[in-house]
Amino acid sequence: MSAATPPPQAGNAYVPGTPYGYIVAPPPPPKRRRRPLIIGAVAAVILLVCAGVGTFAVLRALHSSSQQIISSRWADGAHEVWTLDVEADSQVIANGNQLLTLDTGSSDDVSRLTAYDISGKTPTRSWSTDVGPQNNVFMYWGDVIIAGGQLLTTSGELISDVPWESPTPPVIVGTYAFTCAYGTCTGWSSANPTSELWQTRIEDYYNYVMAWTLGFVYVGEDATYALVNDDTAIDLASGETIDFDLEAGHLVLSLADGWITATDNEVTIFSPDGEPVDVFEITDPERLEDSLGPAKELALSPLYQSPRPTAEQIKLFLTEGDLSGQKIQVEYDDSVSPYDDECPLIITVNEAEIVPAGADGSCDFTSSRFVLSNDQSVVAMTYSTPLRASSTLYLVGMWAVSDGSPITLGNSRAEHDTVMLINPSLIVTYDESPGRLTAYAPGS
């Protein structure tokens, strides 16, 4: 199984799942060297240490680590269970037992939104309605559908036009949405989507890329914050801000239980509400720089369903280099060029090494975020993000851990435009031309 490489996206553009995985420019072939990809916020901390500015880190998944996301039965293969023909070049998203198609080809002024129930043995059409022209935001927002510049219920009833007016699309974090323009940020909740939840003035510039990028969002039991620039976070429920008051060139990143920042050799840990709680020194920055290697431009996240690192885990790694608690290790081989039809990524699960190549031999390393079955017999690469409320994961590939072999869907070795993991035991692929949806269940 392999999915076509997702195109770059800005903000919440249609491409389902997550911010596009940043491709590493292949380095000149030096001596063979394998370096671990340091995970999530750890990677960004190292970038802070080495370069003074962080890149991308990863928000912890909003799922329990014990929740089964993908079935181990995929290791036995896959078989086709149904097909559904839709309009060619439609856009497709799914959540739970509902699948939506948005046909934008028949008119410049109107798009056709159609919902299907995919809970049974065959899909059934639930409803269909006209919405406005597609404006690059087609997604679920809590129990609300955003399509064609309008808000609809999951039963197809029109709520209103989208409430935001901004040069950029809204940032969606779970059931919250917000925009910032000209120094003013405005928030909404999908629970009451037509009314402003708050409005807040922010000082300095607004960093749109930072606001929707993984690792710059904190999700806790009592609060959800998003960074809007290097050292300012907004509480998405109230609009209140945290000013970390950092020196120029430094930024904070989220942890499972707070925030972190670093200077040349000193790390500061903050509580969720921005109070400093710990300061410690990095004893060996050269070793940390070497362990990061050229993978610093990748969107790093080894395990989708695991929590973000805690302050204790970060401190243990930065002071002792201990990553022993990770279920999956991802390494980047900087002597391998993807342009030579080789994979620079090596995944290790239970001491088994897997090179994430497709059944046709192609390699996609635009994401290094992975999903493991509970018994760790199946690993899948995903470019989905836990920032979104949708339960569907968008996959790049799937492999059996026992021998590293790719898991194909049916007898097909071809690429699909979209591969959606609807639930642990149901995958739906979509091929834009001729417009065919195909569902698969585990087992040959």
Side-chain angles (χ1 to χ4, degrees), residues 10-13 19 41 44 48 52-57 59 135-137 139 141-142 144 146 149 151 159-255 258-261 268-277 385 387-389:
N12 293 312
L48 281 166
V53 178
T55 310
F56 293 168
L59 175 70
N135 62 354
N136 290 332
V137 183
M139 63 187 302
W141 174 32
V144 175
I146 307 175
L151 305 180
I159 300 173
S160 70
D161 290 341
V162 295
W164 39 77
E165 294 181 6
S166 174
T168 55
V171 176
I172 306 289
V173 180
T175 59
Y176 296 110
F178 73 96
T179 62
C180 295
Y182 312 112
T184 298
C185 295
T186 306
W188 294 266
S189 168
S190 62
N192 188 11
T194 59
S195 299
E196 289 183 3
L197 190 60
W198 49 261
Q199 194 170 88
T200 299
R201 293 285 300 174
I202 60 169
E203 298 180 4
D204 301 324
Y205 64 96
Y206 167 57
N207 190 326
Y208 177 68
V209 172
M210 179 179 291
W212 60 259
T213 302
L214 300 171
F216 298 116
V217 175
Y218 167 84
V219 177
E221 293 183 0
D222 301 321
T224 299
Y225 294 96
L227 284 172
V228 291
N229 56 40
D230 289 354
D231 64 354
T232 304
I234 290 184
D235 184 331
L236 298 187
S238 67
E240 296 180 359
T241 60
I242 300 173
D243 185 356
F244 291 94
D245 195 25
L246 302 180
E247 296 180 5
H250 296 93
L251 54 79
V252 291
L253 297 165
S254 63
L255 298 172
W259 305 88
I260 187 169
T261 190
T268 302
I269 303 292
F270 299 91
S271 66
D273 59 2
E275 294 297 322
V277 294
T385 169
L387 285 174
R388 303 290 180 256

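Fair warning: this is a prediction, and the values are worked out from it, not measured in the lab. Positions are given from 1 along the sequence.
- Shown here for G142 and T175, the closest heavy-atom pair between the two residues is CA-CG2, 4.2 Å.
- Considering every non-hydrogen atom in both S271 and W259, the closest pair reads O-CD1, 3.2 Å.
- Under the 4.5 Å side-chain criterion, counting only non-hydrogen atoms from C-beta, V171 is not in contact with C180.
- In this structure a side-chain-to-backbone donor-acceptor pair under 3.5 Å is missing from W188 to F178.
- Under a 3.5 Å cut-off, the side chain of T200 and the backbone N or O of C185 do not form any donor-acceptor pair.
- Atom CG of D161 sits about 8.0 Å away from atom CG of L151, to the nearest 0.5 Å.
- Under the 4.5 Å side-chain criterion, counting only non-hydrogen atoms from C-beta, L253 is in contact with F216.
- When side chains are defined from C-beta on, I269 counts as touching L255, because their heavy atoms get closer than 4.5 Å.
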What donor-acceptor contacts under 3.5 angstrom involve side-chain atoms of residues 189-198, with partners at least two apart or in another chain?
from : atom 1 : to   : atom 2 : distance (Å)
S189 : OG     : A191 : N      : 3.2
W198 : NE1    : L236 : O      : 2.9

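- You'll find the side chain of I234 reaches within 4.5 Å of the side chain of I202, heavy atoms only.
- When the ring pair (Phe, Tyr, Trp, His ring centres under 6.0 Å) test is applied to Y225, no partner is found at least two apart in sequence or on another chain.
- What you find for D230 and H250 is that their closest heavy atoms are CB-O, 3.5 Å.
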Under 3.5 Å, which donor-acceptor pairs do the side chains of residues 241-248 form with other protein atoms, sequence neighbours left out?
from : atom 1 : to   : atom 2 : distance (Å)
D243 : OD1    : D245 : N      : 2.9

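- Taking 4.5 Å as the limit, every side-chain heavy atom of L227 sits out of range of all side-chain heavy atoms of L251.
- Between T232 and E203, the closest side-chain pair of non-hydrogen atoms is not below 4.5 Å.
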